[in-house]
Amino acid sequence: MADLGTDHVSDVPVVVVGGGPAGLMLTHLLARAGVESIAVDTRTRHEIETTHRAGILEAGAARDLVETGVSDRILRDGHEHEGTELRFDGRAHRIHFKELVGESVWLYPQTDVFIDLADARARDGGTVHFGISDTEVLDIETDHPRVRFTAEDGARHEIRARYVVGADGSRSMCRDLVPEGRRHRFAKEYPFAWFGILAEAPMSAPELVYAQSEHGFALISQRTETVQRMYFQCDPDEDVDSWPDERIWETLQARVAGEDGFRLKEGPVFEKTVLRFRSFVQQPMRWGSMCLAGDAAHTVPPTGARGLNLALHDVKVLADVLTRALGTGDDAVLEEYQPRALQRVWRAQNFSYWMTQLLHTAPGTGDFDHRRQVGELDNVVGTRAGRTYLAEQYTGWPTRES
Ligand code: DHB
């Protein structure tokens, strides 16, 4: 019987808090393995769809979307990139991923990954509650955890499950449920942020351009033939309203300028956001009947676009572990999750940190620091070992099987 104040009670093996790409990919993979689950999110579908995030998927993640039947839209609307460009000292240097490590990456915005997953869940009859409020996650230290919430239509729900997954992003409420004395939070702050824009303009380059200059970092990315995504390093407290289009273009042009005369193709800017970032990991990634996945457990600075790829890797491992734990009734299987996920998490933490410090100018750095940084960049592009290192890290690592 429903509790007082509860209109709907459901019973499923897994309830997922978070309906972003990590949460939805997990419910999709579980459904394929015959495990029923429900996902919930405080944001509406529209809010998630219109929050612009990164745009690079590892080839393995792109293959997973296609081969597990989410969608093959990435093959039509995405762009395969066999390399990327590093620009410094006013010159361009291409890193040819395919030639160096036999892999490529796909330019396909995270919002499109989300749309494909949300459509696939709807098509396959999966239950996702968007726009919920009053979320409570209860009894995770028992083997019958529950999630209670108010749905968008005002109805009160309770979902009873065997396992809860916290895939509720970088402001996760689930991760706070691990008792303070039993969790460790590793964190690093950076003295800069990214100013991200979307502009109506033709493409300026066929692949991504990561630019280091004495004026600071800039990243030239793309969305479509007519919409471009670009970022430049800024102060974390920067106010977007003090940046008219002219000032934005002047800043970007100065950061990519060089002896080859490279110029960005300009156009009206229709979206401006300051993205603050930090490095963060919470361990353990499992507590009782709850596992954390994606940004809820770890966030990386955006340089190198590891965040979504890491989240998709977590849920791939988690789907396997949860399916086996439920199939055998053996909780101990869950102990495999953290070691299998965490190796990649710390590799990606290192890579994101490394690529950030390689390309950004920290306030107060002098001419020695700048020349040393150019020396490091020269080592990266000018030696086969350096190029291979970047290519291997950028395109991802193989999944550890157990
Ligand atoms: C994009 C974002 C990133 O952080 C990155 O490293 C590459 C591309 C993007 O939004 O396209």
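Computed from heavy atoms alone, side chains included, the values below leave out hydrogens, waters and symmetry copies. Along the sequence shown, residues carry numbers from 1. When a ligand or atom number is given, it counts from 1 through the structure's own listing order.
Per-residue contacts place G304 under 4.0 angstrom from the following atoms of ligand 1 (heavy atoms of the residue considered): 6 (O).
Counting heavy atoms closer than 4.0 Å to ligand 1, residue R53 contributes backbone atoms (N, CA, C, O) but none from C-beta onward. Residue contacts with ligand 1, taken as heavy atom pairs separated by less than 4.0 Å, involve W194 solely via side-chain atoms from C-beta onward.
Just one of H28, R73, M25 meets the side chain to side chain contact (heavy atoms under 4.5 Å, CB included) condition when paired with L65; it is M25.
The number of heavy-atom neighbours closer than 6.0 Å to OH of Y389, taken from other residues, nucleotides and ligands shown, is above 12. Counting heavy-atom neighbours within 6.0 Å of D237 CG, excluding the residue itself, gives a total above 12. Other residues, nucleotides and ligands contribute more than 12 heavy atoms inside 6.0 Å of the CZ atom of R247. Heavy-atom neighbours of E136 CD from other residues, nucleotides or ligands within 6.0 Å: above the threshold of 12.
Ligand 1 lies within reach of R223, whose nearest heavy atom is under 4.0 Å from it.
Counting only heavy atoms of the protein, atom 4 (O) of ligand 1 lies nearest to P302 O, 2.7 Å. Atom 1 (C) of ligand 1 has G55 N, 3.7 Å as its closest protein atom, hydrogens excluded (heavy atom only). Protein heavy atom at the shortest distance from atom 5 (C) of ligand 1 is Y210 OH, 3.3 Å. Atom 11 (O) of ligand 1 has as its closest protein heavy atom S221 OG, 2.6 Å. Protein heavy atom at the shortest distance from atom 10 (O) of ligand 1 is Y231 OH, 2.5 Å. When hydrogens are left out, the protein atom nearest atom 8 (C) of ligand 1 is L208 CD2, 3.4 Å; that is the closest non-hydrogen contact.
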* To do: Determine, stepwise, if the pair E82 / S104 fulfils side chain to side chain donor-acceptor pair (under 3.5 Å).
  => CA-CA 5 Å; E82 295 191 350; S104 56; over 6 Å; no
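Not one N or O of Y394 is nearer than 3.5 Å to an N or O of ligand 1, by distance alone. Checked by distance only, ligand 1 and A305 come closer than 3.5 Å through their nitrogen or oxygen atoms.
Look at K272 and D241 and you find no salt bridge, because none of the NZ, NE, NH1 or NH2 atoms lies under 4.0 Å from a carboxylate O.
A donor-acceptor pair shorter than 3.5 Å can be found between the side chains of D134 and T150.
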